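Heads up: the structure comes next, in structure tokens.
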Amino acid sequence: MTTRRSRPRAALRRVATISTGLVAVALTGVVAAVGVPQGWGGAPGAVSTDVEQVEASTPERVLVCPAPVRLADTAQVGDAQFSAAPVETATALRAAVVGGAGAGTANPGDTPVNLTGLDALDASPLEEGEGATTVSLADVTDGEVLRVGAGMPVDTRVAASVGSVTTAGDLRGLAAASCAVPDISHWIVGGSTEVGSSAQLVLQNPGRTPATVRLSVWGPGGPVVLSGGGQYLVPPGEEVVTLVEAIAPEQRRLVVHVESAGGTVAAYLQHSTLAGLVPVGVDFVAPGAEPTTALALGVTSAGESVEDPQAPQLRLLVPGSEAGSATVTVYGTDGRVRLRGGEEQDLVPGAVTDVSLGGLPAGDYTVAVDATVPVVAGASQARAGEPVPDSLDDTPQVDRAWVAATALDPVPASASPSVGEDASEVQGTIEPTTARTTDRGTVTLVPGTSSVVRVGAVPSTPAERGDDAAPAGTFSGTLRAYGADGSLLGETALAVEAGTTTSLDALELGGGTEPAVLTLDASERSSGSAQDGPAPVWSVLASAGAPVAGAAEGAPGSLLSVLVPVPPASSQGTIAVRATSTAGLPD
């Protein structure tokens, strides 16, 4: 285990922060809005019958970005020409804040927005553009944090991403990920600790208090007993890096659960693999959905056979104690595509299972998983490149990308706090906001990469995803592309039939200019719960590096990674405010 303290930032490093004092101002405004009701100052226990619903402000939003990829052991041994890192890694970051519903409000309410390191040094504001507040950095050396303060409108979009490109050596590949919201629980589905593989678990604490983290790891044989107990202290403003192969060796398939107490953390795996001396990919494995019975993700097939080790793989785990089964449904451009021998999976509790997605024709697909018990899921895909230069072996170098799954189940509204029988103890109740949102997520594209957007329309219920189902309905929405200067480059109307997947070139979305930010909005008739129509599942396949020799003109680079959208913020709901003379004091 190593602890890395963020170094002082360069002048260009930025983070987004806003004073949490705005929350107090907002709540003060609530009281002012209600006014002085009848019964105020009357007999003890007297409560006004006047109740006013006031929308609470949104809390501070925090996104934590992965640090650049790094070797587990940087010591140089032997001849320099056999160095594990013969070239430098180039890492770029892009962050953006976009006004609600594509309205072009870059910075509502003149709220300051900044980007900093984990230790929050040298904060400076992002630069405001016509339609979005953006920043692009090419000098990233540590994990970065984007903070957007409390009080922003709930429909304000916040997103960031980071990508590392290494063109040779053990870390050859494109490792990219959307920056994530810190939380107390993260499920990371992907990676391996078998011989030749390295899985570095990175825990980042952007808060002001220490966080105690407990790890749980599963492999093909079930839960893994961790060397050292699997518990770590992550100091505020720092990150802790752990080699999973040191605490859970020889696990061909991995799932890691991170649980935090005392504060929220961000977590991800940096997974890299060598086949002898040939690099077989590096990528960030980002957290996905919590255990649930319905998930989906997007993958791209190059037409590999079922037996091809480079074919896309779907990874599943039942973390509970009850056995179950899962139905895997694949949707392509023209509808459902049969997955020979892989559509029905028996799941052993605690055992990590990989399902080959080989045998699919070349193209982009959306994969839906319906399980009888809660599961977690992820997937990988690969792209072959040129053989190692000057090698005696013609084995091609490969880059691999991991994809996190998203939940298909509608998120239930949080229950409102119950009102006590003693009304004198009640000053207000918080009720969840029920207003529908059209926001289906935001992706910032990594500078220096080319991108393809994959959008699938997954039928809304398991019955509609069944063998005999004929999916009905269409996901209607709008993809908006913003430039690096914040300007709106273009809008593209989408109409994706249920049970199909469509692909769009980001360059075309930008009208010939490579976009910096993509947002997806559902139309009003597609903006409700999953019961109202097919659910959109989208991601961005990023490419970098030179294409394979002999490839067609305009072919993507041989390095790849996948960016999943940053979901919208949730409102704090409405507050039902009424007055009491006791103000919480005992009678």
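All values below come from the heavy atoms of this structure, side chains included, with hydrogens, waters and symmetry mates left out. Just so you know, these numbers come straight off a predicted model, no measurement behind them.
Using a cut-off of 4.0 Å between Lys/Arg side-chain N and Asp/Glu carboxylate O, Arg465 and Asp370 are scored as salt-bridged. A salt bridge between Arg208 and Glu238 is absent, with no side-chain N of the basic residue lying under 4.0 Å from a carboxylate O of the acidic one.
The distance from the OG atom of Ser178 to the CZ atom of Phe284 is 11.5 Å, given to the nearest 0.5 Å. Between atom CG of residue Leu347 and atom CD of residue Glu322 there is a gap of 11.5 Å, rounded to the nearest 0.5 Å. Ser356 OG to Leu339 CG: the interatomic distance, rounded to the nearest 0.5 Å, is 7.5 Å. Expressed to the nearest 0.5 Å, how far CD of Glu245 lies from OG of Ser197 amounts to 8.5 Å. Taking CD of Gln231 as the reference point, atom OG1 of Thr212 lies at 6.0 Å (rounded to 0.5 Å). Between atom CD of residue Gln251 and atom OG1 of residue Thr193 there is a gap of 5.0 Å, rounded to the nearest 0.5 Å.
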Could you walk me through whether Val562 and Val540 satisfy the side-chain contact (heavy atoms from CB on, under 4.5 Å) test, starting with their C-alpha distance in whole Å, then the side-chain angles of each, then the deciding distance to 0.1 Å, before giving a yes or no? CA-CA 6 Å; Val562 174; Val540 174; over 6 Å; no

Gln270 vs Val285, test: side-chain contact (heavy atoms from CB on, under 4.5 Å). Steps then yes/no. CA-CA 6 Å; Gln270 178 195 304; Val285 189; over 6 Å; no

Dump the intermediate steps for side-chain contact (heavy atoms from CB on, under 4.5 Å) on Val367 and Thr329, then the final yes or no. CA-CA 6 Å; Val367 181; Thr329 311; over 6 Å; no

Would you sort out whether Ile188 and Leu201 count as a side-chain contact (heavy atoms from CB on, under 4.5 Å), showing the intermediate values? CA-CA 10 Å; Ile188 305 173; Leu201 175 66; 3.9 Å; yes

Between Glu88 and Arg70, does a salt bridge (Lys or Arg N to Asp or Glu O under 4.0 Å) hold up when you go through it step by step? CA-CA 10 Å; Glu88 291 187 0; Arg70 52 212 165 190; over 6 Å; no

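The shortest side-chain heavy-atom distance between Thr293 and Val375 does not fall under the 4.5 Å cut-off. Using a 4.5 Å heavy-atom cutoff, the side chains of Thr156 and Val98 are not in contact. Residues Val566 and Val443 form no side-chain contact, since every pair of their non-hydrogen atoms from C-beta on lies 4.5 Å or further apart. At least one side-chain heavy atom of Val299 sits under 4.5 Å from a side-chain heavy atom of Leu357. Contact annotation: the side chain of Leu269 never approaches that of Gln200 to less than 4.5 Å [non-hydrogen atoms, C-beta and beyond]. Contact annotation: the side chain of Thr300 never approaches that of Tyr365 to less than 4.5 Å [non-hydrogen atoms, C-beta and beyond]. Here the side chains of Leu146 and Val62 are not in contact, with every heavy-atom distance at 4.5 Å or above.
Minimum heavy-atom separation, Gly262 to Thr209: O-OG1, 3.0 Å. For the pair Gly173 and Leu559, the tightest heavy-atom approach, listed with the atom from each and the gap, is CA-CD2, 3.8 Å. Nearest heavy-atom pair, Leu93 versus Ala95, reported as atom, atom and distance to 0.1 Å: CD2-N, 4.1 Å. For the pair Val376 and Ala289, the tightest heavy-atom approach, listed with the atom from each and the gap, is CG1-O, 3.8 Å. Closest non-hydrogen pair, Gly263 versus Ala211, comes out as O-CB, 3.8 Å. The minimum heavy-atom distance linking Trp538 with Arg440 is given by the pair NE1-O, 2.8 Å.
Side-chain contact of Arg454 with Thr366: a donor-acceptor pair under 3.5 Å is absent, judged by distance alone. Residues Thr166 and Arg172 have side chains that never bring a donor and an acceptor to within less than 3.5 angstrom of each other. Side chain to side chain, Gln345 and Thr353 fail the donor-acceptor criterion of an N or O pair below 3.5 Å. A donor and an acceptor atom, one from each side chain of Arg383 and Gln310, are nowhere located under 3.5 Å apart. For the 3.5 Å distance criterion, the side chains of Thr519 and Thr442 fail to qualify, holding no donor opposite an acceptor. Thr89 and Ser164 are not linked by any side-chain donor-acceptor pair at a separation below 3.5 angstrom, with hydrogens and angles left out of the test. Looking at Ser136 and Arg94, their side chains do bring a donor and an acceptor atom within 3.5 Å of each other. With no hydrogens or angles considered, a side-chain donor-acceptor pair links Ser185 and His257 at under 3.5 Å. The closest side-chain donor-acceptor pair between Asp183 and Thr264, if any, does not fall under 3.5 angstrom. Donor-acceptor pairing under 3.5 Å is lacking for the side chains of Glu343 and Thr327.
In terms of modelled atom types and a separation under 3.5 Å, the side chain of Asp399 and the main chain of Leu174 share a donor-acceptor contact. Using a distance-only test at 3.5 Å, with no hydrogens or angles considered, no donor-acceptor pair links the side chain of Gln397 to the main chain of Val278. The backbone N or O of Ser325 sits less than 3.5 Å from a side-chain atom of Thr372, completing a donor-acceptor pair. When atom types are taken as modelled, the side chain of Tyr268 and the backbone of Ala67 share a donor-acceptor pair closer than 3.5 angstrom.
Residues satisfying the salt bridge (charged side-chain N to carboxylate O under 4.0 Å, His left out) criterion with Asp354, sequence neighbours excluded, are Arg315. Partners of Asp439 under the salt bridge (charged side-chain N to carboxylate O under 4.0 Å, His left out) rule, at least two apart in sequence or in another chain, are Arg157.
Across Pro287, Pro291, Ser216, a single residue satisfies side chain to side chain contact (heavy atoms under 4.5 Å, CB included) together with Trp187, and that is Pro291.
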